[in-house]
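The analysis underlying the following values was restricted to heavy atoms, covering all of them including side chains, and did not include hydrogens, waters or symmetry mates. Model, not experiment: these values are computed from the prediction.
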Amino acid sequence: MTGRKARGIGHTGVVVTPETSLDHPVAESLRTRHAHLARRLGDAVTYDADVATFADVGTDWAALAELLGPGRMADLFSSEATPPADWEPMFELPGLQLVFAGDVPAASSVPIVDLGEADYPAMRALIDATRPGPFWPRTPELGTYLGVRDDDGTLVAMAGERLQPPGWTEISAVCTLPSARGQGLAGALVGELVRRILARGDRPFLHLAEANTVALRVYERLGFVTRRHVLFRGFRTPGGDA
């Protein structure tokens with residue numbers, strides 16, 4: 001597959017097929033390929049609490065509040081919906097949504113391993129040391145996770161899959177221990193995930209904080225282009241203790 005253009009990508013690097021499922025990736029994932037990981041009430045839907053905190057309100061804020069419980073965080077991801085006045089803002093972070101628009105990467109010489117349930121303690125330790133984003137006990141159930149271990153067997157780098165709206169797979173949790181940076185491990189892991197995602201007929205995408213210009217340059221070198229600016233937002237449901 002090396003050298004072939006990703007499906008649906010033009011030679012200008014512009015995606016030329018419909019991308020509507022990327023406009024609401026949480027809702028599209030939860031109502032399709034991640035339905036087995038979802039909790040629903042009325043028009044509202046969210047992940048099981050130990051998988052992810054992302055939620056989609058649909059049109060029913062009361063249903064989402066009841067689904068999550070009082071005083072709980074509603075992580076609305078990139079949704080532009082405006083909550084009622086009694087929903088307390090918790091965070092707001094400008095971000096970018098990128099889609100893969102390059103050639104299929106060549107296989108890397110980096111020794112990449114698949115990670116499973118037995119690797120969770122090592123994955124958790126790496127997440128705690130690098131803080132790439134939310135990670136819960138069952139987050140690895142969202143998709144494939146790959147890693148790189150050093151000569152002592154320590155997990156020093158990792159990348160995985162997260163949201164899966166129809167036709168797309170998000171790459172997430174890309175992280176490397178400071179002591180192992182500068183060796184191209186993150187690029188190798190992302191490249192291998194891109195290869196696998198394309199091989200099964202999906203197209204890769206990802207999100208990152210707008211201020212993370214270092215990561216943006218890395219992803220652009222790997223063949224990703226910015227599709228749109230997004231705003232990640234979280235709110236506290238009414239009632240309960242803060």
Side-chain angles (χ1 to χ4, degrees), residues 24-41 44-57 63-79 87-93 95 97 113-149 154-165 168-177 186 189-190 193 197 204-209 212 215 230 232-237 240-242:
H24 303 282
V26 172
E28 294 288 346
S29 297
L30 284 166
R31 293 188 170 96
T32 56
R33 292 194 280 184
H34 282 164
H36 63 293
L37 301 173
R39 295 180 291 145
R40 298 177 181 78
L41 183 63
V45 61
T46 187
Y47 281 94
D48 289 339
D50 52 356
V51 174
T53 58
F54 306 135
D56 185 83
V57 66
L64 183 59
E66 184 177 347
L67 182 63
L68 296 175
R72 307 297 294 181
M73 185 178 73
D75 188 336
L76 297 183
F77 201 68
S78 59
S79 171
W87 288 57
E88 177 191 352
M90 293 184 66
F91 69 85
E92 187 173 281
L93 177 68
Q97 183 185 75
V113 297
D114 285 80
L115 301 174
E117 185 176 353
D119 300 298
Y120 182 81
M123 298 165 73
R124 179 75 259 177
L126 179 58
I127 290 291
D128 289 343
T130 57
R131 302 289 182 181
F135 195 87
W136 306 100
R138 293 175 54 207
T139 294
E141 293 182 27
L142 292 171
T144 298
Y145 272 78
L146 305 177
V148 178
R149 295 184 179 275
T154 300
L155 185 66
V156 296
M158 180 177 72
E161 298 173 352
R162 191 167 64 178
L163 300 178
Q164 294 193 31
W168 297 86
T169 297
E170 182 191 23
I171 295 175
S172 183
V174 181
C175 53
T176 306
L177 282 180
L189 288 165
V190 172
L193 283 173
I197 292 167
F205 75 110
L206 55 83
H207 294 89
L208 76 159
N212 193 351
V230 297
F232 303 116
R233 300 180 305 148
F235 297 87
R236 193 186 309 278
T237 59
D241 295 328

I want to check something: taking the side chain as every heavy atom from C-beta on, are [X] and [Y] in contact at a cut-off of under 4.5 Å?
X	Y	value
R162	T139	no
D119	R149	yes
P165	F205	yes
C175	I127	yes

Heavy atoms only: give me the nearest [X]-[Y] pair and the separation to one decimal.
X	Y	answer
G116	M123	O-SD, 4.2 Å
A52	W136	CA-CD1, 3.7 Å
A173	Y145	CB-CE2, 3.9 Å
P25	S29	O-OG, 2.7 Å
L93	A209	CD2-CB, 4.1 Å

I need the full list of side chain to side chain donor-acceptor pair (under 3.5 Å) pairs touching residues 126-135, with sequence neighbours left out, sorted by first then second residue. R124-D128

Rounded to the nearest 0.5 Å, how far apart are [atom1] of [X] and [atom2] of [Y]?
X	Y	atom1	atom2	value
F232	S79	CZ	OG	12.0 Å
Y47	D56	OH	CG	10.5 Å
F135	L126	CZ	CG	9.0 Å
Q97	H207	CD	NE2	4.0 Å
T144	L193	OG1	CG	7.0 Å
T169	I197	OG1	CD1	5.0 Å

Does the [X] side chain pair with the main chain of [Y], one donor and one acceptor, at a distance under 3.5 Å?
X	Y	result
R236	M90	no
E170	L163	yes
Q164	H34	no

Does NE2 in H24 sit with more than 12 non-hydrogen atoms of other residues, nucleotides or ligands closer than 6.0 Å?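 Result for NE2/H24: open.
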
Walk me through it: do L146 and V113 pass the test side chain to side chain contact (heavy atoms under 4.5 Å, CB included)? CA-CA 6 Å; L146 305 177; V113 297; over 6 Å; no

Please tabulate, for side-chain N and O atoms in residues 70-77, each donor-acceptor pair with protein atoms closer than 3.5 Å (sequence neighbours left out).
unit_1	atom_1	unit_2	atom_2	d
D75	OD1	F77	N	3.1
D75	OD2	T53	OG1	3.3

Suppose we screen for side chain to side chain donor-acceptor pair (under 3.5 Å). Which residues come up paired with [X], at least two apart in sequence or across chains?
X	value
E141	R138
R33	D202
E161	R200

Mind checking side chain to side chain contact (heavy atoms under 4.5 Å, CB included) for A55 and listing every partner two or more places apart, or none if nothing turns up? T46, L64

Test V174 against L206 for side chain to side chain contact (heavy atoms under 4.5 Å, CB included), laying out the working first. CA-CA 10 Å; V174 181; L206 55 83; over 6 Å; no

Before you tell me yes or no, could you show the steps for W87 and T237 under side chain to side chain contact (heavy atoms under 4.5 Å, CB included), namely the whole-Å CA-CA distance, both residues' side-chain angles and the distance that decides it to 0.1 Å? CA-CA 5 Å; W87 288 57; T237 59; 3.7 Å; yes

